[in-house]
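Structure, as structure tokens:
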Amino acid sequence: MEEKYNPGAIESKWQQAWEKERLFKVDTEPEKEKYYLLEMFPYPSGNIHIGHVRNYTIGDVVARYKRMRGYNVLHPMGWDAFGMPAENAAIANNSHPATWTYENIANMRSQLKKIGFSYDWDRELATCRPEYYRWEQWLFLKMYAKGLAYRKESYVNWCDPCQTVLANEQVEAGMCWRCGKEVRQKKLWQWFFRITDYAEDLLVHCDKLPGWPEKVITMQKNWIGKSIGAEIRFPIIGGPGEKTDEISVFTTRQDTVFGVTFMCLAPEHPLVITLSEGTAQAAAVNVFIERMSRQDRTAKAVENYEKEGVFTGSYCLNPMSGREMPIYTANFALMEYGTGAVMCVPAHDQRDFDFAQKYGLDIVVVVNPADEDLTVDELTAAYTGEGVMINSGSFDAMPNREAMEAIARHLEAHGLGKKTVSYRLRDWGISRQRYWGAPIPMIHCPTCGVVPAPEEDLPILLPEDANLLEGGGSPLPGLEYFSSVSCPRCGSGEARRETDTMDTFVESSWYFERYCSPDYTEGMFDKRAVDYWMPVDQYIGGVEHAILHLLYSRYYTRVLHDMGLVKYKEPFTCLLTQGMVCKETTACPEHGFLLPGDVAAGEGTPRCAICGEAVTIGRVEKMSKSKKNVIDPNILLERYGADTTRLFCLFAAPPERDLEWSEQGVDGGYRFLNRVWRYAAACMDDLKTVSPYTGAPDTLEAGLKKLCKKTHETIRRVTRDIEDRFHFNTAISAVMELVNAMYALEDAPDAPHRNSVVRFAVESAILLLSPIVPHFAEEVWAALGNRTSIFKAPWPAYREDALVKDELLIVVQVNGKVRSRFTAAVDADDEFLRQRALSDDRALKFIADKPVKKVVVVKKKLVNIVV
RNA sequence: GCCCGGGUGGCGGAACUGGUAGACGCAAGGGACUUAAAAUCCCUCGGAGCUAAGUCUCUGUGCGAGUUCAAUUCUCGCCCCGGGCACCA
């Protein structure tokens with residue numbers, strides 16, 4: 001063993017050894033218990049950043065640990081390779097998204113290899129390869145055949161100058177990020193997956209995922225947003241022109257139906273135009289609709305707008321109260337939720353109340369709280385609580401809870417409505433008017449309409465020689481040889497290929513299955529491999545994916561399940577949502593967001609390294625390529641090596657916690673490894689010839705006994721920290737304490753078993769650290785005389801009998817404050833502890849002459865004397 | 001705005017299921033070794049106060065209430081920070 005720890009040399013040496021030995025290559029071994037460990041695959045943005053390192057280190061520790069526990073561990077890695085940044089980069093560099101993407105993959109792969117992750121690289125996949133997306137297209141055809149994929153009109157952010165669709169991220173304060181002009185909402189025919197068919201099933205199974213964090217379950221449930229209520233139909237009254245005869249609304253407060261005084265329709269609602277046509281309001285309504293089309297209509301944005309609306313000029317009838325009610329179109333009504341129409345009850349809904357005040361609309365109280373009588377004149381806010389019905393005909397005097405049920409039944413009996421369940425969840429829009437994505441395998445024929453591409457034509461290849469357009473639009477519609485096809489049904493030469501590509505969330509909804517048989521050519525995956533490996537036992541990734549990616553994956557899995565392709569409904573048995581690595585952003589007025597390396601710190605205010613302008617420091621937020629607040633781990637890797645980098649990322653915080661990046665402390669990790677190294681190197685000659693001590697510690701010399709017990713205790717602590725909760729920071733602390741104990745050993749060189757006990761301590765420390773600092777551990781392990789990899793060694797076990805404490809420290813409190821301590825035998829009973837505490841000198845000082853009111857004895861812990 | 005998290009020394013964090021707040025590490029200060037530096041080792045280290053000495057006193061886990069013999073931990077109200085909000089991935 002070298003005297004000095006030299007990470008550079010040992011890391012490349014072991015990386016080569018692992019690769020040569022194919023140490024992490026796995027295959028189905030039906031007789032062995034499998035463990036599928038998966039980390040969310042990265043978007044190949046160019047460089048691995050520290051957030052990736054954190055995520056993948058956590059996964060690697062678990063993978064290596066499980067291998068040592070005897071599992072057949074599948075631990076794959078690949079690339080979520082389609083997506084918008086490749087197009088932006090291609091426009092900026094005048095290159096091609098594919099070139100950029102594959103270069104990034106090559107670079108990032110080599111970075112990951114340098115960190116020593118134990119992937120089975122033979123299973124690597126990239127979603128932008130036709131061998132991958134052809135099966136996604138195949139499934140799309142199956143989904144289309146089952147009605148799970150369909151087309152409907154919906155809105156996109158549209159920039160007229162750039163002639164392109166913008167992602168939400170590309171819209172900054174309502175303006176296009178490229179040209180700075182106003183963005184408007186444009187209606188397009190787009191493809192959707194019918195996830196709403198599975199809303200109930202996805203919801204019900206939320207409670208059958210005990211391995212998922214509670215917070216993620218809650219977020220998913222809220223996202224699905226089931227609400228139980230009623231659909232009520234309001235007949236439209238007279239007016240000029242041809243009119244649909246009723247408006248249907250969904251409400252959870254059918255008890256307040258007698259208090260409905262007006263209606264609001266979403267500006268996109270098809271009735272808005274017909275209702276206002278020919279009335280004096282027509283012009284005002286058109287202006288309103290026009291203005292709304294230029295606004296961001298997402299729920300988030302709508303919540304922040306001042307509530308406003310316009311009268312449509314038409315009325316409808318409240319079927320319960322008989323009231324004639326004006327119909328408005330209002331900005332807060334969303335077409336996506338319920339029926340796109342809201343029955344407004346100003347007395348019992350704050351938003352409706354504000355709206356009624358603003359436009360001078362009637363208010364009718366229908367629910368009275370128990371202790372007072374509400375009058376319209378005195379009402380300053382909506383009353384949303386429970387109470388007793390009034391002004392509600394035959395339902396008066398009924399508690400409103402009961403009225404909900406009674407009114408629902410009444411509506412149903414009289415054909416005015418029915419009890420309904422509504423979900424907030426909307427169908428998954430998968431159409432992207434982009435180039436760098438998987439083509440949707442459909443054809444538009446002027447005579448046959450929408451026709452699926454024949455299965456034997458798959459994959460529908462994304463043309464590789466397209467040039468990206470300046471404004472960011474997709475070149476696909478303009479590529480004749482791609483978009484011009486003959487209709488598979490009638491043979492017409494006038495047919496056009498669908499030029500929308502799929503949302504990249506589709507690729508990430510089944511990559512975990514593809515990993516099971518990445519080279520399979522007969523289908524999406526080899527059923528036998530999937531039956532063996534799936535579901536994923538442990539999935540690890542950022543909390544930012546808690547809703548969309550995870551919900552889409554759960555949905556896609558159900559689709560596969562119902563087609564008989566897989567046996568399970570839930571793809572991920574256990575989930576660990578890693579906290580994000582955050583950092584403040586830095587921006588230059590001239591050059592926009594700056595990488596940390598482009599900020600010149602120096603004296604006074606930080607400046608832009610390119611132009612010297614003063615840099616504005618933004619808020620702390622998650623590291624992302626677009627904000628450029630990313631830390632390149634290369635500096636750490638070069639200076640300290642992979643093991644220290646890994647150790648530091650884990651030691652900094654428990655995995656689920658967000659981490660504001662700071663390099664403070666990385667030296668400590670490096671020092672610790674050196675400290676272990678020096679200890680091992682110094683006593684290696686003595687240790688090589690003995691085997692580790694496995695006996696009970698009791699008969700050992702005092703110092704050795706202490707070290708032996710500490711070692712067993714450390715094995716237990718580390719095992720629990722890894723196994724139960726992935727708290728590697730405390731696991732590392734525990735080993736640090738063990739190493740401190742090794743140094744603190746007062747040496748008795750001639751005591752029996754001396755070298756064996758030290759070997760046990762050193763070897764245990766190395767084994768416990770091995771998943772975290774694998775190269776370091778291999779090197780010391782080899783120096784101890786081992787011929788095979790440490791990762792073929794079993795995880796260390798501890799002796800229960802070595803954990804028994806000889807005596808305990810008992811705390812004496814007076815009125816809850818710690819006043820004294822004493823040691824007692826482990827089996828001391830309550831009465832003994834009580835007497836011992838009551839006679840304690842220091843406790844007596846605080847008791848003084850006050851009478852003792854109560855004494856609380858907590859076994860093995862404390863005695864609290866209340867005076 | 002809505003939903004989900006988080007807030008503990010100068011810093012990262014620890015504290016099992018309500019039972020000694022600050023483990024482990026970083027930074028800082030002091031000392032040892034050295035011609036010197038690095039490395040290493042030892043000591044101090046939440047705040048305030050008192051002392052000849054401390055097993056000293058008070059105070060302290062974002063803020064304010066509450067439950068309890070006992071609250072970082074449970075309950076309620078508030079403040080601040082992060083994430084998600086359906087085309088970033």
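Throughout, protein chains are lettered first and strands after them, A, B, ... in sequence-line order, and every chain is numbered starting at 1. Remember, predicted model here, so these are calculated numbers, not experimental data.
A heavy-atom distance below 4.5 Å is found between the side chains of P42(A) and M77(A). Contact annotation: the side chain of Q170(A) approaches that of N88(A) to within less than 4.5 Å [non-hydrogen atoms, C-beta and beyond]. Counting heavy atoms from C-beta outward, M736(A) and F651(A) have side chains that approach closer than 4.5 Å. Looking at Y556(A) and V506(A), their side chains come closer than 4.5 Å, going by heavy atoms from C-beta outward. Using a 4.5 Å heavy-atom cutoff, the side chains of R297(A) and V302(A) are in contact. Side-chain contact between Y640(A) and D667(A) is present, with heavy atoms from C-beta onward closer than 4.5 Å. When side chains are defined from C-beta on, Q163(A) counts as touching W158(A), because their heavy atoms get closer than 4.5 Å. Using a 4.5 Å heavy-atom threshold, the side chains of W177(A) and S626(A) count as separate.
Closest contact between the side chain of C582(A) and the listed nucleotides A86(B), A23(B), G82(B) involves G82(B). Comparing C4(B), C87(B), A86(B) by their nearest atom to the side chain of N157(A) picks out C87(B). Distance from the side chain of E544(A) is smallest for G83(B) among the nucleotides G25(B), C88(B), G83(B). Picking from A86(B), C4(B), G13(B) the nucleotide with the shortest atom distance to the side chain of K300(A) gives A86(B).
Contact check, K817(A) against U59(B): a side-chain N or O comes under 4.0 Å of OP1 or OP2. Checking the phosphate oxygens (OP1, OP2) of C16(B), no side-chain nitrogen or oxygen of R716(A) falls inside 4.0 Å. Not one side-chain nitrogen or oxygen of R426(A) sits closer than 4.0 Å to the OP1 or OP2 atom of A86(B). Within the structure, every side-chain polar atom (N or O) of R717(A) is placed at least 4.0 Å from both OP1 and OP2 of A15(B). Phosphate contact (OP1/OP2 of G84(B), side-chain N/O of N222(A), threshold under 4.0 Å): absent. Residue R424(A) places none of its side-chain N or O atoms closer than 4.0 Å to OP1 or OP2 of C85(B). Side-chain N/O atoms of N729(A) include none lying less than 4.0 angstrom from OP1 or OP2 on C24(B). Not one side-chain nitrogen or oxygen of R351(A) sits closer than 4.0 Å to the OP1 or OP2 atom of G1(B).
With both ends at atom P, the span from C56(B) to G22(B) equals 13 Å, rounded to whole Å. One C1' atom belongs to G9(B), the other to A14(B), and the distance between them is 13 Å to the nearest Å. Comparing the same atom, P, in G25(B) and in A15(B) gives a spacing of 16 Å after rounding to whole Å. Separating the P atom of C78(B) from that of C87(B) is a span of 33 Å, rounded to the nearest Å. Comparing the P positions of A23(B) and C16(B) gives an interatomic distance of 15 Å, to the nearest angstrom. Atom name C1', nucleotides U8(B) and U59(B): the rounded distance is 15 Å, in whole Å. Comparing the C1' positions of U68(B) and U55(B) gives a spacing of 28 Å, expressed to the nearest Å. The P atoms of U17(B) and C41(B) are separated by 35 Å, rounded to the nearest whole Å.
Of all the heavy atoms in I810(A) and A824(A), the pair that sits closest is CG1-CB, 4.0 Å. In terms of heavy-atom proximity, A828(A) sits nearest to L833(A) at CB-CD2, 4.1 Å.
Rounded to an integer number of Å, the gap from E336(A) CD to A86(B) C1' is 9 Å. Here the C1' atom of nucleotide C26(B) and the CZ atom of R671(A) are 8 Å apart, to the nearest Å. D296(A) places its CG atom 12 Å from the C1' atom of A86(B), with the value rounded to the nearest Å. Counting to the nearest Å, the P atom of G83(B) and the CD atom of E656(A) are 18 Å from each other. Atom P of nucleotide G1(B) and atom CG of L334(A) are separated by 17 Å, given to the nearest angstrom. With rounding to whole Å, E3(A) atom CD is found 14 Å from U40(B) atom P.
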List, with names and distances, any nitrogen or oxygen atoms from the protein found under 3.5 Å away from nitrogen or oxygen atoms belonging to nucleotides 10-12 of chain B.
from: G12(B); atom 1: O2'; to: A652(A); atom 2: O; distance (Å): 2.3

Under 3.5 Å between N/O atoms: give me all the protein pairs with nucleotides 55-57 of chain B, atom names plus distance.
from: U55(B); atom 1: O2'; to: R842(A); atom 2: NH1; distance (Å): 3.2

Could you go through nucleotides 63-69 of chain B and list every protein N or O atom that sits under 3.5 Å from one of its N or O atoms, giving the distance for each pair?
from: C69(B); atom 1: O2'; to: N864(A); atom 2: ND2; distance (Å): 3.2
from: C69(B); atom 1: O2; to: N864(A); atom 2: ND2; distance (Å): 2.6

Using the 3.5 Å cut-off, write out each protein N or O paired with an N or O of nucleotides 46-51 of chain B and the distance between them.
none

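Donor-acceptor pairing under 3.5 Å is lacking for the side chains of Q220(A) and W212(A). Side-chain contact, Y133(A) with T501(A): no donor N or O sits under 3.5 Å from an acceptor N or O. Side chains of T196(A) and D427(A): a donor-acceptor N/O pair is present below 3.5 angstrom, by distance only.
Between the side chain of Q433(A) and the base of C87(B) there is at least one donor-acceptor pair of N/O atoms closer than 3.5 Å. A donor-acceptor contact under 3.5 Å links the side chain of R434(A) to the base of C87(B).
Here A28(B) sits opposite U44(B) as a Watson-Crick or G-U wobble pair (both hydrogen-bonding atom distances under 3.5 Å). Using N1 to N3 plus N6-O4 or O6-N4 for Watson-Crick, or N1-O2 and O6-N3 for G-U wobble, each under 3.5 Å, C74(B) pairs with G66(B). Remark: A53(B) base-pairs with no nucleotide; criterion is Watson-Crick or G-U wobble with both hydrogen-bond distances under 3.5 Å. Of all nucleotides present, only C85(B) satisfies the Watson-Crick or G-U wobble test against G1(B), with each distance under 3.5 Å.
Among residues at least two apart or in separate chains, side-chain hydrogen bond (donor to acceptor under 3.5 Å, both in side chains) pairs with a member in residues 670-683 of chain A are R675(A)-N740(A). For residues 299-308 of chain A, every residue pair satisfying the side-chain hydrogen bond (donor to acceptor under 3.5 Å, both in side chains) rule, not counting sequence neighbours, is listed here: R291(A)-E308(A), E306(A)-K358(A).
Glycosidic conformation, G9(B): syn, with the torsion inside 90° of 0.
A donor-acceptor pair under 3.5 Å is formed between the side chain of R646(A) and the backbone N or O of I772(A).
Contact annotation for V666(A): no contact, since no heavy-atom pair falls under 4.0 Å across all strands. Contacts of F505(A) with the nucleic acid, taken as non-hydrogen atoms under 4.0 Å apart, include base atoms. Q190(A) comes within 4.0 angstrom of a nucleotide base, judged by non-hydrogen atoms across all strands. V165(A) comes within 4.0 angstrom of a base, heavy atoms only.
Residue L738(A) holds its CG atom at 4.0 Å from OG1 of T714(A), rounded to the nearest 0.5 Å.
Applying ring pair (Phe, Tyr, Trp, His ring centres under 6.0 Å) to F41(A) and the options Y511(A), W79(A), Y56(A), Y132(A) leaves one that passes, Y511(A).
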